[in-house]
Number of protein chains: 2
Amino acid sequence: MSDELFGCIEAGGTKFVAGVLRRDRTILRTERIATGEPGPTLAATLRFFEEARAEWGGFDAFGIASFGPVAVDRASPDWGRILRTPKPGWSGTDLVTPFAEAFSCPVGLDTDVGAAILAEHEWGAARGAGVATYVTVGTGIGGGLLVDGRVVHGTRHPEMGHMLPRRHPDDRDYAGSCPFHGDCLEGLASGPAIAARWGTSLSSLAPDHVAHGIVAFYLAQLVVAQRALLSPERMVFGGGVMATPGLLDRVWAEVRTMETGYFGDQPPETLVVPPGLGTEAGLMGALALALDAGRR
Amino acid sequence: MSDELFGCIEAGGTKFVAGVLRRDRTILRTERIATGEPGPTLAATLRFFEEARAEWGGFDAFGIASFGPVAVDRASPDWGRILRTPKPGWSGTDLVTPFAEAFSCPVGLDTDVGAAILAEHEWGAARGAGVATYVTVGTGIGGGLLVDGRVVHGTRHPEMGHMLPRRHPDDRDYAGSCPFHGDCLEGLASGPAIAARWGTSLSSLAPDHVAHGIVAFYLAQLVVAQRALLSPERMVFGGGVMATPGLLDRVWAEVRTMETGYFGDQPPETLVVPPGLGTEAGLMGALALALDAGRR
(Lines give C-alpha, C1' and ligand atoms only; values in the text may rest on other atoms or scores of the structure.)
Protein backbone atom coordinates (compact mmCIF):
# COMPACT_ATOMS: atom_id res chain seq x y z
CA MET A 1 0.00 0.00 0.00
CA SER A 2 2.64 2.49 1.05
CA ASP A 3 4.33 2.53 -2.35
CA GLU A 4 1.12 3.23 -4.27
CA LEU A 5 1.60 6.19 -6.60
CA PHE A 6 -1.03 8.76 -7.58
CA GLY A 7 -0.88 11.32 -10.36
CA CYS A 8 -2.64 14.51 -9.26
CA ILE A 9 -3.49 17.45 -11.49
CA GLU A 10 -4.97 20.78 -10.54
CA ALA A 11 -5.99 22.04 -13.97
CA GLY A 12 -6.55 25.75 -13.56
CA GLY A 13 -7.30 28.51 -16.01
CA THR A 14 -3.94 30.21 -15.44
CA LYS A 15 -1.74 27.30 -14.32
CA PHE A 16 -1.67 23.53 -14.12
CA VAL A 17 -0.20 22.09 -10.93
CA ALA A 18 0.99 18.51 -11.40
CA GLY A 19 1.94 16.39 -8.39
CA VAL A 20 3.09 12.88 -7.57
CA LEU A 21 1.58 11.79 -4.26
CA ARG A 22 1.36 8.85 -1.92
CA ARG A 23 -1.91 7.76 -0.30
CA ASP A 24 -0.88 9.40 2.99
CA ARG A 25 -0.73 12.78 1.19
CA THR A 26 3.05 12.88 1.00
CA ILE A 27 4.02 14.98 -2.02
CA LEU A 28 7.01 13.45 -3.84
CA ARG A 29 7.27 16.10 -6.53
CA THR A 30 5.25 18.94 -8.02
CA GLU A 31 5.53 21.24 -10.99
CA ARG A 32 3.64 24.32 -12.14
CA ILE A 33 2.88 24.62 -15.84
CA ALA A 34 1.42 27.85 -17.22
CA THR A 35 -1.89 27.19 -18.97
CA GLY A 36 -1.36 27.93 -22.66
CA GLU A 37 -2.88 26.21 -25.68
CA PRO A 38 -4.25 22.75 -24.78
CA GLY A 39 -1.73 20.74 -26.87
CA PRO A 40 1.52 22.07 -25.34
CA THR A 41 0.00 22.34 -21.84
CA LEU A 42 -1.07 18.69 -21.80
CA ALA A 43 2.22 17.60 -23.42
CA ALA A 44 4.25 19.30 -20.66
CA THR A 45 2.03 17.73 -18.00
CA LEU A 46 2.41 14.26 -19.53
CA ARG A 47 6.18 14.72 -19.68
CA PHE A 48 6.30 15.52 -15.95
CA PHE A 49 4.49 12.30 -15.07
CA GLU A 50 6.54 10.19 -17.51
CA GLU A 51 9.70 11.34 -15.76
CA ALA A 52 8.13 10.52 -12.41
CA ARG A 53 7.23 7.05 -13.64
CA ALA A 54 10.84 6.49 -14.66
CA GLU A 55 11.84 7.33 -11.09
CA TRP A 56 9.08 5.77 -8.93
CA GLY A 57 7.31 3.24 -11.18
CA GLY A 58 3.75 3.04 -12.50
CA PHE A 59 0.75 5.01 -11.27
CA ASP A 60 -2.23 3.41 -9.50
CA ALA A 61 -4.67 6.16 -10.45
CA PHE A 62 -4.93 9.76 -11.63
CA GLY A 63 -7.11 12.54 -10.28
CA ILE A 64 -7.87 15.72 -12.21
CA ALA A 65 -9.44 18.77 -10.55
CA SER A 66 -10.34 20.97 -13.49
CA PHE A 67 -11.56 24.47 -14.24
CA GLY A 68 -15.09 24.39 -15.61
CA PRO A 69 -17.41 23.92 -17.23
CA VAL A 70 -16.31 20.33 -17.69
CA ALA A 71 -18.27 17.11 -18.35
CA VAL A 72 -18.08 15.18 -15.07
CA ASP A 73 -20.76 12.55 -15.75
CA ARG A 74 -19.00 9.26 -16.54
CA ALA A 75 -22.08 8.05 -18.42
CA SER A 76 -21.83 10.97 -20.89
CA PRO A 77 -20.01 10.56 -24.22
CA ASP A 78 -18.37 13.92 -23.41
CA TRP A 79 -16.98 12.69 -20.08
CA GLY A 80 -13.65 14.33 -19.34
CA ARG A 81 -14.01 17.13 -21.87
CA ILE A 82 -13.96 20.86 -21.21
CA LEU A 83 -17.33 22.26 -22.31
CA ARG A 84 -18.05 25.55 -24.06
CA THR A 85 -15.62 28.03 -22.52
CA PRO A 86 -14.42 31.49 -23.50
CA LYS A 87 -10.86 30.18 -22.93
CA PRO A 88 -9.25 30.07 -26.42
CA GLY A 89 -8.85 26.57 -27.82
CA TRP A 90 -10.02 24.66 -24.78
CA SER A 91 -13.68 23.97 -25.66
CA GLY A 92 -13.99 20.22 -26.28
CA THR A 93 -10.49 19.37 -24.97
CA ASP A 94 -10.33 15.83 -23.56
CA LEU A 95 -8.45 15.94 -20.24
CA VAL A 96 -8.85 12.29 -19.29
CA THR A 97 -7.88 10.14 -22.28
CA PRO A 98 -4.24 11.29 -22.58
CA PHE A 99 -3.51 10.22 -18.99
CA ALA A 100 -5.65 7.05 -19.03
CA GLU A 101 -3.83 5.88 -22.19
CA ALA A 102 -0.31 6.93 -21.26
CA PHE A 103 -0.44 5.37 -17.78
CA SER A 104 -3.08 2.59 -18.18
CA CYS A 105 -4.84 3.35 -14.90
CA PRO A 106 -8.18 4.70 -13.65
CA VAL A 107 -8.70 8.47 -13.84
CA GLY A 108 -11.01 10.49 -11.60
CA LEU A 109 -12.22 13.91 -12.65
CA ASP A 110 -14.28 16.69 -11.16
CA THR A 111 -14.39 20.44 -11.04
CA ASP A 112 -11.80 22.19 -8.90
CA VAL A 113 -14.48 22.99 -6.32
CA GLY A 114 -15.99 19.49 -6.45
CA ALA A 115 -12.52 18.09 -5.75
CA ALA A 116 -11.94 20.67 -3.02
CA ILE A 117 -15.10 19.78 -1.07
CA LEU A 118 -14.20 16.08 -1.37
CA ALA A 119 -10.75 16.80 0.09
CA GLU A 120 -12.07 19.15 2.79
CA HIS A 121 -14.59 16.47 3.77
CA GLU A 122 -11.92 13.77 3.84
CA TRP A 123 -9.14 15.66 5.62
CA GLY A 124 -10.10 19.28 6.27
CA ALA A 125 -12.74 21.71 7.50
CA ALA A 126 -15.82 19.71 6.41
CA ARG A 127 -15.05 16.43 8.18
CA GLY A 128 -18.21 14.77 9.46
CA ALA A 129 -20.62 17.03 7.53
CA GLY A 130 -23.37 15.18 5.65
CA VAL A 131 -24.16 18.24 3.51
CA ALA A 132 -21.20 20.51 2.78
CA THR A 133 -20.06 23.02 0.18
CA TYR A 134 -16.77 24.54 -0.95
CA VAL A 135 -16.88 28.02 -2.45
CA THR A 136 -13.91 29.66 -4.11
CA VAL A 137 -13.84 33.43 -4.56
CA GLY A 138 -11.01 34.42 -6.85
CA THR A 139 -10.68 34.97 -10.60
CA GLY A 140 -14.17 33.52 -10.71
CA ILE A 141 -16.65 32.29 -8.12
CA GLY A 142 -17.56 28.61 -8.01
CA GLY A 143 -19.06 26.16 -5.58
CA GLY A 144 -18.96 22.40 -5.08
CA LEU A 145 -21.65 20.45 -3.22
CA LEU A 146 -21.18 17.20 -1.32
CA VAL A 147 -24.01 15.07 0.09
CA ASP A 148 -23.34 11.88 2.05
CA GLY A 149 -19.70 11.77 0.96
CA ARG A 150 -20.36 12.19 -2.77
CA VAL A 151 -19.98 15.23 -5.00
CA VAL A 152 -23.37 16.23 -6.46
CA HIS A 153 -23.48 16.94 -10.19
CA GLY A 154 -27.11 16.99 -11.37
CA THR A 155 -27.49 18.02 -15.01
CA ARG A 156 -23.86 19.18 -15.19
CA HIS A 157 -22.44 20.60 -11.97
CA PRO A 158 -23.37 23.58 -9.80
CA GLU A 159 -22.31 27.03 -10.99
CA MET A 160 -22.80 28.90 -7.73
CA GLY A 161 -21.09 32.07 -8.92
CA HIS A 162 -23.93 32.65 -11.34
CA MET A 163 -26.67 33.16 -8.78
CA LEU A 164 -28.32 36.60 -8.95
CA PRO A 165 -27.83 38.61 -5.75
CA ARG A 166 -29.58 41.79 -4.70
CA ARG A 167 -27.64 44.94 -5.44
CA HIS A 168 -25.97 46.82 -2.62
CA PRO A 169 -27.50 50.32 -2.26
CA ASP A 170 -24.03 51.92 -2.69
CA ASP A 171 -23.20 49.82 -5.75
CA ARG A 172 -25.96 50.53 -8.25
CA ASP A 173 -23.96 51.85 -11.20
CA TYR A 174 -21.53 49.06 -12.05
CA ALA A 175 -23.04 46.76 -14.70
CA GLY A 176 -21.08 43.68 -13.63
CA SER A 177 -18.27 41.75 -15.32
CA CYS A 178 -19.99 38.47 -16.27
CA PRO A 179 -20.28 38.13 -20.06
CA PHE A 180 -23.44 36.03 -19.57
CA HIS A 181 -25.31 37.70 -16.72
CA GLY A 182 -23.66 41.04 -16.04
CA ASP A 183 -24.30 41.46 -12.34
CA CYS A 184 -24.50 37.86 -11.14
CA LEU A 185 -22.44 37.10 -8.02
CA GLU A 186 -19.27 36.44 -10.04
CA GLY A 187 -19.91 39.62 -12.03
CA LEU A 188 -20.02 41.64 -8.80
CA ALA A 189 -17.69 40.03 -6.25
CA SER A 190 -14.94 38.12 -8.09
CA GLY A 191 -11.39 39.45 -8.29
CA PRO A 192 -11.84 40.93 -11.81
CA ALA A 193 -15.15 42.58 -10.79
CA ILE A 194 -13.42 44.17 -7.79
CA ALA A 195 -10.50 45.34 -9.95
CA ALA A 196 -12.89 46.80 -12.55
CA ARG A 197 -14.61 49.00 -9.94
CA TRP A 198 -11.80 49.93 -7.60
CA GLY A 199 -8.66 49.40 -9.71
CA THR A 200 -6.92 46.91 -7.45
CA SER A 201 -7.44 43.84 -5.27
CA LEU A 202 -9.67 43.92 -2.20
CA SER A 203 -6.71 43.28 0.12
CA SER A 204 -4.92 46.36 -1.31
CA LEU A 205 -7.79 48.67 -0.34
CA ALA A 206 -7.83 50.36 3.09
CA PRO A 207 -9.87 48.45 5.69
CA ASP A 208 -12.44 51.28 5.83
CA HIS A 209 -12.92 51.32 2.05
CA VAL A 210 -16.54 50.83 1.01
CA ALA A 211 -15.58 47.86 -1.19
CA HIS A 212 -15.18 45.53 1.79
CA GLY A 213 -18.77 45.95 2.91
CA ILE A 214 -20.13 45.69 -0.60
CA VAL A 215 -18.27 42.46 -1.39
CA ALA A 216 -19.28 40.95 1.97
CA PHE A 217 -22.91 41.89 1.28
CA TYR A 218 -22.85 39.91 -1.98
CA LEU A 219 -20.99 36.88 -0.61
CA ALA A 220 -23.35 36.70 2.38
CA GLN A 221 -26.19 36.22 -0.10
CA LEU A 222 -24.57 33.02 -1.33
CA VAL A 223 -24.47 31.80 2.27
CA VAL A 224 -28.16 32.66 2.76
CA ALA A 225 -29.11 31.04 -0.55
CA GLN A 226 -27.27 27.86 0.46
CA ARG A 227 -28.96 27.88 3.85
CA ALA A 228 -32.38 28.25 2.23
CA LEU A 229 -31.89 25.71 -0.55
CA LEU A 230 -29.50 23.18 0.99
CA SER A 231 -29.26 23.63 4.74
CA PRO A 232 -25.51 22.73 4.72
CA GLU A 233 -23.74 21.64 7.87
CA ARG A 234 -20.53 23.29 6.68
CA MET A 235 -19.71 25.93 4.05
CA VAL A 236 -15.98 26.26 3.34
CA PHE A 237 -15.06 29.60 1.74
CA GLY A 238 -11.64 29.81 0.07
CA GLY A 239 -9.86 31.49 -2.84
CA GLY A 240 -7.69 34.58 -3.26
CA VAL A 241 -10.36 37.19 -2.49
CA MET A 242 -11.42 35.34 0.69
CA ALA A 243 -7.85 35.69 1.98
CA THR A 244 -8.53 39.43 2.45
CA PRO A 245 -8.12 40.16 6.19
CA GLY A 246 -11.48 40.78 7.87
CA LEU A 247 -13.63 39.69 4.92
CA LEU A 248 -14.96 36.51 6.53
CA ASP A 249 -15.92 38.48 9.67
CA ARG A 250 -17.86 40.93 7.53
CA VAL A 251 -19.62 38.05 5.74
CA TRP A 252 -20.63 36.54 9.10
CA ALA A 253 -22.08 39.89 10.22
CA GLU A 254 -24.05 40.33 6.98
CA VAL A 255 -25.39 36.77 7.20
CA ARG A 256 -26.61 37.43 10.73
CA THR A 257 -28.45 40.57 9.59
CA MET A 258 -30.03 38.88 6.58
CA GLU A 259 -31.11 35.64 8.27
CA THR A 260 -32.55 37.20 11.46
CA GLY A 261 -32.08 33.85 13.19
CA TYR A 262 -34.67 32.09 11.06
CA PHE A 263 -32.61 29.06 10.02
CA GLY A 264 -31.71 28.03 13.57
CA ASP A 265 -29.43 28.94 16.41
CA GLN A 266 -26.09 27.83 14.98
CA PRO A 267 -23.83 30.90 14.67
CA PRO A 268 -22.48 31.68 11.16
CA GLU A 269 -18.93 31.41 12.57
CA THR A 270 -19.35 27.62 12.95
CA LEU A 271 -21.12 27.15 9.61
CA VAL A 272 -19.03 29.30 7.26
CA VAL A 273 -15.35 28.52 7.73
CA PRO A 274 -11.99 28.92 5.97
CA PRO A 275 -10.42 25.89 4.25
CA GLY A 276 -8.59 23.39 6.41
CA LEU A 277 -6.12 22.38 3.72
CA GLY A 278 -4.67 25.78 2.83
CA THR A 279 -2.61 26.15 -0.30
CA GLU A 280 -2.41 22.40 -0.92
CA ALA A 281 -6.18 22.07 -1.31
CA GLY A 282 -5.97 21.77 -5.10
CA LEU A 283 -3.57 18.84 -5.13
CA MET A 284 -5.37 17.21 -2.18
CA GLY A 285 -8.61 17.49 -4.14
CA ALA A 286 -6.99 15.76 -7.09
CA LEU A 287 -5.67 13.05 -4.72
CA ALA A 288 -9.18 12.52 -3.32
CA LEU A 289 -10.42 12.03 -6.90
CA ALA A 290 -7.58 9.61 -7.68
CA LEU A 291 -8.31 7.55 -4.55
CA ASP A 292 -12.00 7.52 -5.46
CA ALA A 293 -11.22 6.41 -9.04
CA GLY A 294 -8.94 3.67 -7.71
CA ARG A 295 -11.79 2.26 -5.60
CA ARG A 296 -14.24 1.91 -8.52
CA MET B 1 -47.73 -8.38 0.75
CA SER B 2 -51.01 -7.28 -0.77
CA ASP B 3 -52.78 -6.95 2.57
CA GLU B 4 -50.11 -4.74 4.14
CA LEU B 5 -51.66 -1.64 5.67
CA PHE B 6 -50.10 1.83 5.87
CA GLY B 7 -51.22 4.81 7.91
CA CYS B 8 -50.62 8.03 5.99
CA ILE B 9 -50.90 11.54 7.37
CA GLU B 10 -50.59 14.82 5.54
CA ALA B 11 -50.22 17.17 8.51
CA GLY B 12 -50.91 20.63 7.13
CA GLY B 13 -51.26 24.00 8.77
CA THR B 14 -54.97 24.25 7.94
CA LYS B 15 -55.99 20.59 7.69
CA PHE B 16 -54.76 17.09 8.44
CA VAL B 17 -55.55 14.48 5.79
CA ALA B 18 -55.46 10.95 7.19
CA GLY B 19 -55.51 7.96 4.87
CA VAL B 20 -55.35 4.18 4.99
CA LEU B 21 -53.43 2.88 2.00
CA ARG B 22 -52.13 -0.31 0.47
CA ARG B 23 -48.61 -0.61 -0.95
CA ASP B 24 -49.97 -0.30 -4.51
CA ARG B 25 -51.35 3.19 -3.62
CA THR B 26 -54.96 2.03 -3.28
CA ILE B 27 -56.70 4.38 -0.84
CA LEU B 28 -59.07 2.43 1.43
CA ARG B 29 -60.35 5.42 3.36
CA THR B 30 -59.45 9.06 4.00
CA GLU B 31 -60.65 11.80 6.30
CA ARG B 32 -59.96 15.52 6.57
CA ILE B 33 -59.51 16.97 10.03
CA ALA B 34 -59.30 20.75 10.49
CA THR B 35 -56.02 21.72 12.20
CA GLY B 36 -56.96 23.13 15.61
CA GLU B 37 -55.06 22.85 18.89
CA PRO B 38 -52.56 19.95 18.85
CA GLY B 39 -54.37 17.78 21.45
CA PRO B 40 -57.80 17.50 19.81
CA THR B 41 -56.30 17.38 16.28
CA LEU B 42 -54.06 14.43 17.11
CA ALA B 43 -56.86 12.71 19.08
CA ALA B 44 -59.21 12.90 16.10
CA THR B 45 -56.47 11.56 13.82
CA LEU B 46 -55.73 8.66 16.18
CA ARG B 47 -59.45 7.83 16.37
CA PHE B 48 -59.64 7.60 12.57
CA PHE B 49 -56.81 5.07 12.47
CA GLU B 50 -58.16 3.07 15.44
CA GLU B 51 -61.43 2.60 13.59
CA ALA B 52 -59.49 1.57 10.49
CA ARG B 53 -57.53 -0.98 12.50
CA ALA B 54 -60.81 -2.44 13.80
CA GLU B 55 -61.87 -2.93 10.18
CA TRP B 56 -58.65 -3.95 8.38
CA GLY B 57 -56.26 -5.08 11.10
CA GLY B 58 -52.88 -3.73 12.26
CA PHE B 59 -50.65 -1.23 10.44
CA ASP B 60 -47.24 -2.11 9.01
CA ALA B 61 -45.93 1.44 9.14
CA PHE B 62 -46.96 5.08 9.36
CA GLY B 63 -45.79 8.00 7.27
CA ILE B 64 -46.23 11.63 8.31
CA ALA B 65 -45.71 14.52 5.87
CA SER B 66 -45.73 17.56 8.11
CA PHE B 67 -45.79 21.33 7.90
CA GLY B 68 -42.52 22.81 9.08
CA PRO B 69 -40.27 23.58 10.68
CA VAL B 70 -40.09 20.05 12.07
CA ALA B 71 -37.20 17.96 13.44
CA VAL B 72 -36.58 15.32 10.75
CA ASP B 73 -33.20 14.00 11.96
CA ARG B 74 -33.76 10.61 13.62
CA ALA B 75 -30.57 11.03 15.60
CA SER B 76 -31.87 14.20 17.28
CA PRO B 77 -33.60 14.08 20.68
CA ASP B 78 -36.24 16.37 19.13
CA TRP B 79 -36.99 13.95 16.29
CA GLY B 80 -40.65 14.13 15.29
CA ARG B 81 -41.36 17.42 17.02
CA ILE B 82 -42.64 20.62 15.46
CA LEU B 83 -40.00 23.32 16.00
CA ARG B 84 -40.51 26.98 16.86
CA THR B 85 -43.56 28.02 14.85
CA PRO B 86 -45.89 31.01 14.98
CA LYS B 87 -48.79 28.47 14.89
CA PRO B 88 -50.41 28.70 18.38
CA GLY B 89 -49.68 25.72 20.64
CA TRP B 90 -47.78 23.63 18.10
CA SER B 91 -44.14 24.47 19.00
CA GLY B 92 -42.65 21.32 20.52
CA THR B 93 -45.57 19.03 19.63
CA ASP B 94 -44.45 15.43 19.14
CA LEU B 95 -46.11 14.06 15.99
CA VAL B 96 -44.46 10.64 15.97
CA THR B 97 -44.78 9.10 19.44
CA PRO B 98 -48.60 8.99 19.60
CA PHE B 99 -48.76 6.86 16.43
CA ALA B 100 -45.69 4.74 17.16
CA GLU B 101 -47.14 3.84 20.57
CA ALA B 102 -50.76 3.36 19.57
CA PHE B 103 -49.94 1.13 16.60
CA SER B 104 -46.56 -0.39 17.56
CA CYS B 105 -45.02 0.05 14.15
CA PRO B 106 -42.27 2.11 12.45
CA VAL B 107 -43.07 5.75 11.66
CA GLY B 108 -41.48 7.79 8.88
CA LEU B 109 -41.55 11.57 9.02
CA ASP B 110 -40.49 14.41 6.77
CA THR B 111 -41.64 17.84 5.72
CA ASP B 112 -44.57 18.00 3.31
CA VAL B 113 -42.20 18.99 0.50
CA GLY B 114 -39.61 16.36 1.45
CA ALA B 115 -42.37 13.74 1.27
CA ALA B 116 -43.65 15.20 -2.01
CA ILE B 117 -40.30 14.97 -3.79
CA LEU B 118 -39.91 11.39 -2.54
CA ALA B 119 -43.34 10.52 -3.99
CA GLU B 120 -42.76 12.42 -7.24
CA HIS B 121 -39.44 10.58 -7.62
CA GLU B 122 -41.05 7.21 -6.90
CA TRP B 123 -44.22 7.54 -8.99
CA GLY B 124 -44.52 11.00 -10.55
CA ALA B 125 -42.78 13.78 -12.46
CA ALA B 126 -39.27 13.28 -11.04
CA ARG B 127 -38.82 9.61 -11.88
CA GLY B 128 -35.24 8.84 -12.87
CA ALA B 129 -33.81 12.16 -11.67
CA GLY B 130 -30.68 11.90 -9.50
CA VAL B 131 -31.06 15.46 -8.22
CA ALA B 132 -34.65 16.72 -7.96
CA THR B 133 -36.67 19.28 -6.04
CA TYR B 134 -40.33 19.82 -5.18
CA VAL B 135 -41.45 23.40 -4.61
CA THR B 136 -44.88 24.31 -3.29
CA VAL B 137 -46.22 27.82 -3.79
CA GLY B 138 -49.34 28.35 -1.70
CA THR B 139 -49.99 29.67 1.81
CA GLY B 140 -46.21 29.56 2.13
CA ILE B 141 -43.36 28.62 -0.18
CA GLY B 142 -41.28 25.57 0.60
CA GLY B 143 -38.93 23.23 -1.21
CA GLY B 144 -37.73 19.65 -0.74
CA LEU B 145 -34.47 18.33 -2.17
CA LEU B 146 -33.73 14.75 -3.17
CA VAL B 147 -30.28 13.41 -4.12
CA ASP B 148 -29.74 9.79 -5.18
CA GLY B 149 -33.19 8.76 -3.95
CA ARG B 150 -32.87 10.29 -0.48
CA VAL B 151 -34.35 13.48 0.95
CA VAL B 152 -31.57 15.89 1.96
CA HIS B 153 -31.87 17.51 5.40
CA GLY B 154 -28.54 19.08 6.35
CA THR B 155 -28.68 21.06 9.60
CA ARG B 156 -32.49 20.96 9.63
CA HIS B 157 -34.16 20.93 6.22
CA PRO B 158 -34.18 23.40 3.34
CA GLU B 159 -36.41 26.48 3.66
CA MET B 160 -36.41 27.51 0.01
CA GLY B 161 -39.15 30.10 0.46
CA HIS B 162 -36.78 32.21 2.52
CA MET B 163 -34.26 32.97 -0.20
CA LEU B 164 -33.88 36.68 -0.97
CA PRO B 165 -34.87 37.53 -4.55
CA ARG B 166 -34.24 40.73 -6.44
CA ARG B 167 -37.18 43.12 -6.42
CA HIS B 168 -39.23 43.57 -9.56
CA PRO B 169 -38.96 47.18 -10.84
CA ASP B 170 -42.78 47.57 -10.68
CA ASP B 171 -42.99 46.15 -7.15
CA ARG B 172 -40.74 48.35 -5.04
CA ASP B 173 -43.20 49.63 -2.42
CA TYR B 174 -44.58 46.48 -0.80
CA ALA B 175 -42.50 45.55 2.27
CA GLY B 176 -43.29 41.84 2.08
CA SER B 177 -45.35 39.56 4.33
CA CYS B 178 -42.66 37.42 5.99
CA PRO B 179 -42.44 38.14 9.73
CA PHE B 180 -38.73 37.18 9.66
CA HIS B 181 -37.41 38.61 6.39
CA GLY B 182 -40.08 40.91 4.98
CA ASP B 183 -39.43 40.58 1.27
CA CYS B 184 -37.99 37.08 1.00
CA LEU B 185 -39.54 34.91 -1.74
CA GLU B 186 -42.37 33.75 0.51
CA GLY B 187 -42.95 37.34 1.62
CA LEU B 188 -43.37 38.43 -2.02
CA ALA B 189 -44.91 35.54 -3.97
CA SER B 190 -46.92 33.34 -1.59
CA GLY B 191 -50.74 33.40 -1.58
CA PRO B 192 -50.94 35.76 1.44
CA ALA B 193 -48.35 38.13 -0.10
CA ILE B 194 -50.38 38.24 -3.32
CA ALA B 195 -53.62 38.85 -1.40
CA ALA B 196 -51.97 41.62 0.65
CA ARG B 197 -50.96 43.55 -2.51
CA TRP B 198 -53.82 42.86 -4.89
CA GLY B 199 -56.70 41.88 -2.58
CA THR B 200 -57.38 38.46 -4.06
CA SER B 201 -55.78 35.29 -5.42
CA LEU B 202 -53.57 35.35 -8.51
CA SER B 203 -56.03 33.19 -10.46
CA SER B 204 -58.80 35.74 -9.78
CA LEU B 205 -56.83 38.56 -11.41
CA ALA B 206 -57.23 39.24 -15.15
CA PRO B 207 -54.54 37.54 -17.28
CA ASP B 208 -53.09 40.93 -18.24
CA HIS B 209 -52.81 42.09 -14.61
CA VAL B 210 -49.29 43.14 -13.64
CA ALA B 211 -49.29 40.66 -10.73
CA HIS B 212 -48.75 37.65 -13.02
CA GLY B 213 -45.47 38.98 -14.38
CA ILE B 214 -44.26 40.07 -10.96
CA VAL B 215 -44.94 36.71 -9.31
CA ALA B 216 -43.34 34.84 -12.22
CA PHE B 217 -40.27 37.09 -11.94
CA TYR B 218 -39.82 36.08 -8.29
CA LEU B 219 -40.49 32.36 -8.78
CA ALA B 220 -38.08 32.25 -11.73
CA GLN B 221 -35.34 33.38 -9.34
CA LEU B 222 -35.85 30.24 -7.27
CA VAL B 223 -35.38 28.21 -10.45
CA VAL B 224 -32.18 30.10 -11.31
CA ALA B 225 -30.88 29.78 -7.73
CA GLN B 226 -31.51 26.03 -7.82
CA ARG B 227 -29.76 25.76 -11.19
CA ALA B 228 -26.75 27.64 -9.86
CA LEU B 229 -26.47 25.87 -6.50
CA LEU B 230 -27.81 22.38 -7.28
CA SER B 231 -28.02 21.79 -11.00
CA PRO B 232 -31.24 19.71 -10.58
CA GLU B 233 -32.41 17.32 -13.27
CA ARG B 234 -36.03 18.05 -12.41
CA MET B 235 -37.80 20.83 -10.49
CA VAL B 236 -41.45 20.03 -9.72
CA PHE B 237 -43.52 23.17 -8.98
CA GLY B 238 -46.88 22.63 -7.28
CA GLY B 239 -49.24 24.27 -4.80
CA GLY B 240 -52.33 26.47 -5.07
CA VAL B 241 -50.66 29.54 -6.58
CA MET B 242 -48.90 27.42 -9.24
CA ALA B 243 -52.32 26.21 -10.42
CA THR B 244 -52.93 29.73 -11.84
CA PRO B 245 -53.39 29.30 -15.61
CA GLY B 246 -50.38 30.56 -17.54
CA LEU B 247 -48.11 31.05 -14.52
CA LEU B 248 -45.73 28.22 -15.32
CA ASP B 249 -45.35 29.54 -18.90
CA ARG B 250 -44.43 32.94 -17.53
CA VAL B 251 -41.89 31.36 -15.17
CA TRP B 252 -40.27 29.50 -18.08
CA ALA B 253 -40.00 32.74 -20.06
CA GLU B 254 -38.44 34.62 -17.13
CA VAL B 255 -35.96 31.78 -16.51
CA ARG B 256 -34.88 31.90 -20.15
CA THR B 257 -34.26 35.66 -19.90
CA MET B 258 -32.34 35.41 -16.64
CA GLU B 259 -30.16 32.40 -17.51
CA THR B 260 -29.18 33.50 -21.05
CA GLY B 261 -28.44 29.87 -21.86
CA TYR B 262 -25.50 29.67 -19.48
CA PHE B 263 -26.46 26.51 -17.61
CA GLY B 264 -26.80 24.36 -20.73
CA ASP B 265 -29.14 23.71 -23.63
CA GLN B 266 -31.97 21.93 -21.82
CA PRO B 267 -35.14 24.06 -22.18
CA PRO B 268 -36.81 25.19 -18.94
CA GLU B 269 -40.00 23.40 -20.06
CA THR B 270 -38.32 20.01 -19.50
CA LEU B 271 -36.64 21.01 -16.23
CA VAL B 272 -39.43 22.86 -14.40
CA VAL B 273 -42.60 20.79 -14.51
CA PRO B 274 -45.97 20.45 -12.76
CA PRO B 275 -46.51 17.61 -10.26
CA GLY B 276 -47.30 14.19 -11.66
CA LEU B 277 -49.40 13.09 -8.68
CA GLY B 278 -51.96 15.92 -8.61
CA THR B 279 -54.17 16.34 -5.58
CA GLU B 280 -53.12 13.01 -4.05
CA ALA B 281 -49.49 14.08 -3.76
CA GLY B 282 -49.76 14.70 -0.01
CA LEU B 283 -51.01 11.22 0.87
CA MET B 284 -48.63 9.62 -1.64
CA GLY B 285 -45.77 11.47 0.02
CA ALA B 286 -46.83 10.07 3.39
CA LEU B 287 -47.06 6.59 1.84
CA ALA B 288 -43.53 6.94 0.45
CA LEU B 289 -42.34 7.82 3.99
CA ALA B 290 -44.23 4.85 5.47
CA LEU B 291 -42.70 2.45 2.92
CA ASP B 292 -39.27 3.91 3.65
CA ALA B 293 -39.79 3.53 7.43
CA GLY B 294 -40.94 -0.07 6.92
CA ARG B 295 -37.68 -0.89 5.11
CA ARG B 296 -35.43 0.38 7.91
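Labels below follow one simple rule: chain letters A, B, ... track the order of the sequence lines, proteins then strands, and each chain is numbered from 1.
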Below 4.5 Å, heavy atoms only, C-beta onward: do [X] and [Y] meet side chain to side chain?
X       : Y       : value
R150(A) : V147(B) : no
L271(B) : T155(A) : yes
L145(B) : L229(A) : no
V152(B) : L230(A) : no
H153(B) : V131(A) : no

With a 4.5 angstrom heavy-atom cut-off, is it the side chain or the backbone of [X] that approaches chain B, or both, or neither?
X       : result
L185(A) : neither
H157(A) : backbone
R234(A) : neither

Does CZ in R74(B) sit with more than 12 non-hydrogen atoms of other residues, nucleotides or ligands closer than 6.0 Å? yes

Could you pull out the closest heavy-atom pair between [X] and [Y], with the gap in Å?
X       : Y       : value
S231(B) : P158(A) : CB-N, 3.9 Å
M163(B) : A228(A) : N-CB, 3.9 Å
Y262(B) : R156(A) : O-NH2, 3.3 Å

Does D183(B) pair with R166(A) as a salt bridge, N-O distance under 4.0 Å? yes

Checked G130(B), P165(B), A225(B), G144(B) vs chain A; the most non-hydrogen pairs under 4.5 Å come from P165(B)

Plane angle bin for F263(A) and H181(B) - parallel if under 30°, tilted between 30 and 60°, otherwise perpendicular: parallel

